K.L.:
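Have a look at this one.
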Amino acid sequence: MEKTPDRHCRRAQGTFEYVLLLGGSLLTVTIALYVLTQSGPQIDDKNTCLIQARNALTCFNTDGTFDNTKTFTYKTQTLKCDCTAASAGVQSPTLTATTTPTPSPTPTPTPSATPTPTPTATPTPTLTATPSPTPTTTPTPSPTSTPSATPTPTPLPTPCPGTTISCGQPGQCQTCPNPSPVAVYSANTCQGNTVVRTRTDNVAYCSYNTCGIKQSIPTTETIQTCTAAQSPTYSTNHCTGTSLYRTKTTYTPTCTNGACSQTQTNTEDLVQNRPAPNPAYTSGPNTCQGNTVVRTRTDNVAYCSYNTCGIKQSIPTTETIQTCIAPATCQNGACVSPAITGCHIVPQTSTWNYGSEGFATAQCPSGESAIGGGGYCNPSGLYSSTPSATAYTTHCFWGTAYASAVCCKVNSPASVRIVLGASGASSQASCQPNEKLTGGGGACSGLTNQGLYQIEPSGNVFTAACQNGNAIAYAVCLNNAGSTNIQQYTATGSGSATANCGTGTITGGGGAGPTDKSNPYMTTNLYNLEIANPITNGFSVRRSNPQLSAPPVRAVAICATP
């Protein structure tokens with residue numbers, strides 16, 4: 001009876017030790033499984049790693065060969081394509097072929113119907129994964145425990161040759177079909193002056209034992225650079241205004257709507273410029289239309305016709321050169337002012353000097369010139385009758401002298417000059433061919449009791465002659481007569497005669513002469529001139545002859561038409 005409690009104690013102690021041993025075994029198995037899990041993938045993980053490496057595009061070279069040294073991502077880890085560490089210094093994950101541990105059956109305690117002596121150590125089941133803590137004595141394995149079988153490792157996949165993509169079970173190879181189409185192209189577009197398109201390649205891939213097609217990143221490829229330009233073209237010549245042009249079309253290469261084209265630009269290209277007429281016009285001589293100076297003008301005009309430029313003459317036109325303002329008139333295509341205007345006769349009479357010579361001078365007003373004149377004596381004959389630039393003087397033998405000057409305003413550029421002839425029995429004073437004779441006179445010199453029997457104009461010459469002595473002739477010459485028309489009119493009579501000028505004319509001067517110089521009676525002092533005097537629109541003469549009541553005489557008047 002005393003041993004009963006000891007027996008119960010021993011039973012309790014054995015149960016406790018058995019539970020403690022079982023808990024330690026389970027803890028050891030759990031720790032071993034955790035360590036194996038953290039150290040690397042198991043055999044199935046490595047097989048999967050190698051299969052995925054064979055399907056990873058990054059594990060292949062550009063020529064399609066598998067490269068163990070390249071890397072890929074496997075379960076968030078960067079590994080080499082042989083499923084080893086990607087870089088030095090990083091511990092390679094433990095990828096070994098392991099078997100799954102078979103857990104030991106739970107040991108059943110032996111019923112203690114009969115008390116059995118307690119062994120020094122409680123027997124524990126054997127665990128193949130991790131040895132249990134070392135007891136003081138080696139436990140005997142339970143007779144009911146079955147030892148784990150050693151697993152056979154799965155063979156690694158064999159690399160596939162060439163560009164074959166491994167896409168089967170480990171150790172198998174298959175070729176994924178080629179993409180069709182290999183590339184997909186977008187429509188052509190323009191980048192600046194270049195035609196481009198986007199190319200997207202269809203790439204065969206293998207993933208998770210399945211072949212497929214995926215598209216690469218699009219790339220831009222050049223189709224054509226628009227650089228060739230067509231040479232310029234030209235239209236036929238055409239006239240624009242008075243110049244010759246042609247249309248020049250220039251072609252510029254450009255890219256439009258994905259294709260090369262050429263932009264046309266039209267410009268006017270000068271072929272021939274309008275010629276400058278030289279001379280610009282031609283004109284005829286000046287003529288008169290009434291009191292207006294005109295001329296005919298024909299312009300040389302540039303023209304363009306039938307693709308040809310040239311010069312042609314316009315229809316002649318009449319253009320006005322000058323309108324003559326009175327008193328100027330149009331003569332021979334020019335405005336001509338009269339050389340003399342405002343003519344009038346200025347008379348002058350001397351006092352009676354019986355028994356002595358008589359003198360009389362008719363003086364023109366200031367600003368006027370004497371273009372001629374005359375005079376007479378009473379009761380004697382004329383000794384001299386001479387003009388000066390502004391006056392006319394009469395010299396008688398004796399008695400009263402009368403003088404008359406024809407005074408006019410001489411308009412510039414006209415002028416009056418006095419010309420004297422050489423002294424002689426018959427003296428002549430002549431005007432130049434471009435001058436006109438408007439008056440004159442003469443003077444006797446030498447012997448006494450002489451008298452003028454001839455002072456007579458003829459054309460541009462004035463003649464003077466005296467009885468029994470020499471004479472000197474005077475001529476009044478008008479230069480640049482302009483429109484002044486000079487004419488001479490002659491009249492004859494017995495004893496006296498008057499030469500008349502026409503209407504609208506003025507008397508410039510005049511003279512008288514014998515009708516027959518061959519008759520000696522005509523050249524003696526019996527035929528002395530008593531009167532050789534201008535009158536309005538004429539010239540009057542008278543010859544004295546005591547023996548003949550009416551000796552024949554000729555009168556000449558110089559008449560001017562302003």
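Computed from a predicted structure; not experimentally measured. Note that these values count all heavy atoms, side chains included, but never hydrogens, waters or copies made by symmetry.
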K.L.:
Would you say Cys377 and Cys396 have SG atoms less than 2.5 angstrom apart?
P.N.:
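Yes.
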
K.L.:
Do Ser385 and Tyr392 pair up side chain to side chain, a donor and an acceptor below 3.5 Å, judged on atom types alone?
P.N.:
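Looking only at side-chain atoms, Tyr392 and Ser385 do form a donor-acceptor pair, the distance falling under 3.5 Å.
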
K.L.:
Going through the checks in order, is the side-chain hydrogen bond (donor to acceptor under 3.5 Å, both in side chains) test met by Asn266 and Thr247?
P.N.:
CA-CA 6 Å; Asn266 293 334; Thr247 301; over 6 Å; no

K.L.:
For Val293, run the side chain to side chain contact (heavy atoms under 4.5 Å, CB included) check against Asn286, Val336, Thr287 and tell me which one passes.
P.N.:
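Of the listed residues Asn286, Val336, Thr287, the side chain to side chain contact (heavy atoms under 4.5 Å, CB included) partner of Val293 is Asn286.
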
K.L.:
Heavy atoms only: give me the nearest Val476-Ala370 pair and the separation to one decimal.
P.N.:
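Result for this residue pair: CG1-O, 3.8 Å.
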
K.L.:
Do any N or O atoms from the side chain of Gln488 and from the backbone of Gly459 form a donor-acceptor pair under 3.5 angstrom?
P.N.:
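It does hold such a pair.
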
K.L.:
Assess, by modelled atom type and distance only, whether the side chains of Gln363 and Thr390 contain a donor and an acceptor separated by less than 3.5 Å.
P.N.:
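A pair is found: one side chain offers a donor N or O, the other an acceptor, under 3.5 Å apart.
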
K.L.:
Checking the side chain of Thr507 only, and the main-chain atoms of Gly538 only, is there a donor and an acceptor separated by less than 3.5 Å?
P.N.:
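Yes: the side chain of Thr507 pairs with the backbone of Gly538.
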
K.L.:
Checking Asn193 side chain against Cys226 main chain: does a donor-acceptor pair fall under 3.5 Å?
P.N.:
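Yes; judged by distance alone, with no hydrogens or angles, the pair exists.
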
K.L.:
Given 3.5 Å as the limit, does a donor-acceptor pair link the side chain of Ser384 with the main chain of Cys444, or not?
P.N.:
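No.
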
K.L.:
Just by distance, do the side chain of Glu319 and the backbone of Arg295 share a donor-acceptor pair under 3.5 Å?
P.N.:
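Here the side-chain-to-backbone pair does not exist.
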
K.L.:
Do Gln224 side-chain atoms and Cys260 backbone N/O form a donor-acceptor pair below 3.5 Å?
P.N.:
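Looks like no, no N/O pair under 3.5 Å.
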
K.L.:
Taking the two cysteines Cys330 and Cys335, decide whether their SG atoms are closer than 2.5 angstrom.
P.N.:
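The answer is no, since Cys335 and Cys330 keep their SG atoms 2.5 Å or more apart.
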
K.L.:
Applying side-chain contact (heavy atoms from CB on, under 4.5 Å), run through Asp269 and Thr267 and close with a yes or a no.
P.N.:
CA-CA 6 Å; Asp269 191 27; Thr267 56; 5.5 Å; no

K.L.:
Strictly by side-chain hydrogen bond (donor to acceptor under 3.5 Å, both in side chains), give each pair with a member in residues 320-334 just once, sequence neighbours left out.
P.N.:
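For residues 320-334, and leaving out neighbouring residues, the side-chain hydrogen bond (donor to acceptor under 3.5 Å, both in side chains) pairs sorted by first residue read Thr329-Gln331.
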
K.L.:
Of all residues at least two apart in sequence or in a different chain, which pass the ring-ring contact (aromatic ring centres under 6.0 Å, His included) check with Tyr402?
P.N.:
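Checked Tyr402 against ring-ring contact (aromatic ring centres under 6.0 Å, His included); matches are Tyr376.
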
K.L.:
Please check this pair: side chain of Tyr474 against backbone of Thr463, looking for a donor-acceptor N/O pair closer than 3.5 Å.
P.N.:
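Not a single qualifying donor-acceptor pair exists.
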
